[in-house]
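Inspection log for the structure reproduced underneath, given as structure tokens.
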Amino acid sequence: NAGVTQTPKFRILKIGQSMTLQCTQDMNHNYMYWYRQDPGMGLKLIYYSVGAGITDKGEVPNGYNVSRSTTEDFPLRLELAAPSQTSVYFCASSYSKDVLTADTQYFGPGTRLTVL
Amino acid sequence: AQSVAQPEDQVNVAEGNPLTVKCTYSVSGNPYLFWYVQYPNRGLQFLLKYITGDNLVKGSYGFEAEFNKSQTSFHLKKPSALVSDSALYFCAVRDKSSASKIIFGSGTRLSIRP
């Protein structure tokens, strides 16, 4: 049971380049999340998904896209990288019976992205 | 609007002394409250949560937190600090109406000196 895995661990992009951050969980969790953590700041929710085929915007979705074709995978796409997207990105998952259930989130180790 | 505040950027405690990391929140209705810990270059790890019931919640690694509705606080505590407790601690609050409305505080760096 690996939990939540993320690849790559580190990446440097040039302005305007694209990339996909991968996230996989093997706990059969229905909810998955993407956060970014800027230096000295808390986490901000980018996108989340309540199940395969269903995604929704979080607090800071601009410049990102997601898809959820399977329960296990929740990739995050950056189309035109900008310096403002330099951050550490965390994927998380949780199991909830419904939207009202308190859900403990399990986090991946993070991807450190630098855009130059 | 939903929010959570951690008023201290850093807390310094001597090993063996009790520690408190403060958190206050603002939500409409009853909150779900969480504490997470982040060790260097790692993802966040769940410590404990409050849903309902007893105001004193016990969690991992000997930590506990006290929910105080009148003061809208959820402070993290431990009776005797260990050097290995040194890490970044995040309080988080969730509005019961939506899974997306999970707000994290800015974090408090806890430093335990030997």
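Every heavy atom of this structure was used, including side-chain atoms; hydrogens, water molecules and symmetry mates were not. Values in this document were obtained by computation on a predicted structure and should not be read as measured data. Convention: sequence-line order gives letters A, B, ...; per-chain numbering from 1.
Heavy atoms of Gln38(B) lying under 4.5 Å from chain A belong exclusively to its side chain.
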Counting only pairs under 3.5 Å, give me each side-chain donor-acceptor contact of residues 74-84 of chain B, with atom names and distances, residues two or more places apart or in other chains.
from: His75(B); atom 1: ND1; to: Cys23(B); atom 2: N; distance (Å): 3.0
from: His75(B); atom 1: ND1; to: Cys23(B); atom 2: O; distance (Å): 3.4
from: Lys77(B); atom 1: NZ; to: Glu66(B); atom 2: OE1; distance (Å): 3.4
from: Lys78(B); atom 1: NZ; to: Tyr61(B); atom 2: O; distance (Å): 3.0
from: Lys78(B); atom 1: NZ; to: Asp85(B); atom 2: OD1; distance (Å): 3.0
from: Lys78(B); atom 1: NZ; to: Asp85(B); atom 2: OD2; distance (Å): 2.9
from: Ser80(B); atom 1: OG; to: Gly16(B); atom 2: O; distance (Å): 3.4

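Shown here is Arg42(B), whose CZ atom has no more than 12 heavy atoms of other residues, nucleotides or ligands within 6.0 Å.
One finds the OH atom of Tyr35(A) at 4.5 Å from the CZ atom of Phe104(B) (value rounded to the nearest 0.5 Å). How far OH of Tyr36(B) is from OG1 of Thr104(A): 5.5 Å, rounded to the nearest 0.5 Å. Here CD of Gln105(A) is found 9.0 Å from CG of Leu44(B). Values are rounded to the nearest 0.5 Å. Atom CD of Gln37(A) and atom CZ of Phe90(B) lie 4.5 Å apart (nearest 0.5 Å).
Apart from Val66(A) itself, the hydrophobic cluster it occupies contains Leu13(A), Ile15(A), Met19(A), Leu21(A), Met32(A), Trp34(A), Ile46(A), Tyr47(A), Val60(A), Tyr64(A), Phe74(A), Leu76(A), Leu78(A), Tyr89(A), Leu113(A), Val115(A), where clustering links Ile, Leu, Val, Met, Phe, Trp and Tyr at side-chain heavy-atom distances under 4.5 Å.
By the rule that hydrophobic residues join a cluster once side-chain heavy atoms approach within less than 4.5 Å of another member, Leu47(B) and Tyr39(B) end up as members of one cluster.
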